[in-house]
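Right, one structure below, let's go through it.
Chain naming here is simple, since letters A, B, ... match the order of the sequence lines and numbering starts at 1 in each.
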Amino acid sequence: DAGITQSPRHKVTETGTPVTLRCHQTENHRYMYWYRQDPGHGLRLIHYSYGVKDTDKGEVSDGYSVSRSKTEDFLLTLESATSSQTSVYFCAIRAGTPVGTQYFGPGTRLTVL
Amino acid sequence: DQQVKQNSPSLSVQEGRISILNCDYTNSMFDYFLWYKKYPAEGPTFLISISSIKDKNEDGRFTVFLNKSAKHLSLHIVPSQPGDSAVYFCAASARDRMRFGAGTRLTVKP
């Protein structure tokens with residue numbers, strides 16, 4: 001258990017509405033990540049953060065923004081949700097050992113109608 | 001641009017036998033390779049990893065093999081147990097990022 005929580009765990013929303021997902025960690029890890037999981041694609045990186053206010057894009061960042069104002073919280077925002085953003089979203093942190101290993105939160109299932 | 005590929009979407013084995021899950025990658029810059037296990041409605045859990053400078057790493061029933069010349073890695077589970085039934089993701093890490101395969105669903109039959 002890497003002390004990662006995600007909220008909400010489930011959300012149903014309508015096309016065009018803004019949505020914010022929250023990831024919270026308790027162990028002061030520098031690196032945090034947001035992924036989406038879709039059938040046939042595995043997990044794909046949306047955005048990641050390497051420190052407070054330091055973020056970078058992943059491979060599927062269009063339509064998403066992130067913010068990290070505190071070490072423990074990493075927010076993912078869909079400014080105007082679309083049906084293609086229906087997915088399961090996972091937050092992860094990068095631990096020191098084993099080197100390069102990421103540990104995941106429980107996920108948020110988002111449905112955009 | 002799929003840099004990490006798991007070509008078998010599913011695998012079924014008998015309890016007690018060996019399970020072999022395969023993964024191929026294209027990027028020579030990857031320096032760590034990992035396997036994750038995922039149960040429904042849960043986040044992926046780390047299983048085992050291997051550095052690019054090694055060719056084998058073992059942890060109990062789980063062994064990961066890396067063939068750098070072929071850009072191929074595999075996960076062996078011996079003996080397989082029904083509780084091993086899950087989706088297994090192969091991942092490769094370079095610098096700050098990780099790339100995942102599409103996953104292989106393993107079913108271990110009693």
Query raised in the report: Same cluster for L76(A) and Y31(A) if Ile/Leu/Val/Met/Phe/Trp/Tyr side chains link at under 4.5 Å?
Result: yes
Query raised in the report: Under 4.5 Å, heavy atom to heavy atom, which residues of residues 32-63 of chain B contact chain A?
Result: Y32(B), L34(B), Y36(B), K38(B), A41(B), E42(B), G43(B), P44(B), F46(B), S49(B)
Query raised in the report: Which is it for E59(A) and R97(B) under the salt bridge (Lys or Arg N to Asp or Glu O under 4.0 Å) test, yes or no, and what are the steps along the way?
Result: CA-CA 10 Å; E59(A) 51 187 311; R97(B) 304 182 181 207; over 6 Å; no
**Report entry** hydrophobic_cluster_shared for V13(B) and I77(B), side chain cutoff 4.5 Å
**Finding:** yes
Query raised in the report: Do you reckon V88(A) sits in the same ILVMFWY cluster as I4(A), going by side-chain contacts under 4.5 Å, direct or chained?
Result: yes
Report task. Check each atom of Q6(A) against the heavy atoms of chain B and say whether the ones under 4.5 Å are side chain, backbone, both or neither. Result -> neither
Query raised in the report: Between D38(A) and chain B, which part of the residue has a heavy atom less than 4.5 Å away: side chain, backbone, both or neither?
Result: neither
Query raised in the report: When clusters are formed by joining ILVMFWY residues with side-chain heavy atoms under 4.5 Å apart, either directly or through shared neighbours, do V52(A) and F74(A) land in the same one?
Result: no
Query raised in the report: Do the side chains of L106(B) and I20(B) join up, straight or via other hydrophobic residues, at under 4.5 Å, putting them in one cluster?
Result: no
Report summary line: Those residues of residues 83-92 of chain B that come under 4.5 Å of chain A on a heavy-atom basis, listed by number, are F89(B)
Query - Option that, when pairs with chain B are counted at under 4.5 Å, heavy atom only, ranks first among R109(A), R44(A), H41(A), R9(A) - result: H41(A)
Query raised in the report: What part of L45(A) is in contact with chain B, defined as an atom under 4.5 angstrom from a non-hydrogen atom: side chain, backbone, both or neither?
Result: side chain
**Report entry** Greater than 12 external heavy atoms within 6.0 Å of E15(B)'s CD
**Finding:** yes
Requested in this report: Name the region of Y33(A), side chain, backbone, both or neither, that has any atom closer than 4.5 Å to a heavy atom of chain B.
Outcome: side chain
**Report entry** D96(B) and R94(A), any side-chain heavy atoms less than 4.5 Å apart
**Finding:** yes
Query raised in the report: Which heavy atom in G40(A) sits nearest to a heavy atom in A102(B), and how many Å separate them?
Result: O-CB, 3.6 Å
Requested in this report: Let me see the working for Y35(A) and M98(B) under side-chain contact (heavy atoms from CB on, under 4.5 Å), right down to the final yes or no.
Outcome: CA-CA 10 Å; Y35(A) 291 88; M98(B) 196 174 290; 3.8 Å; yes
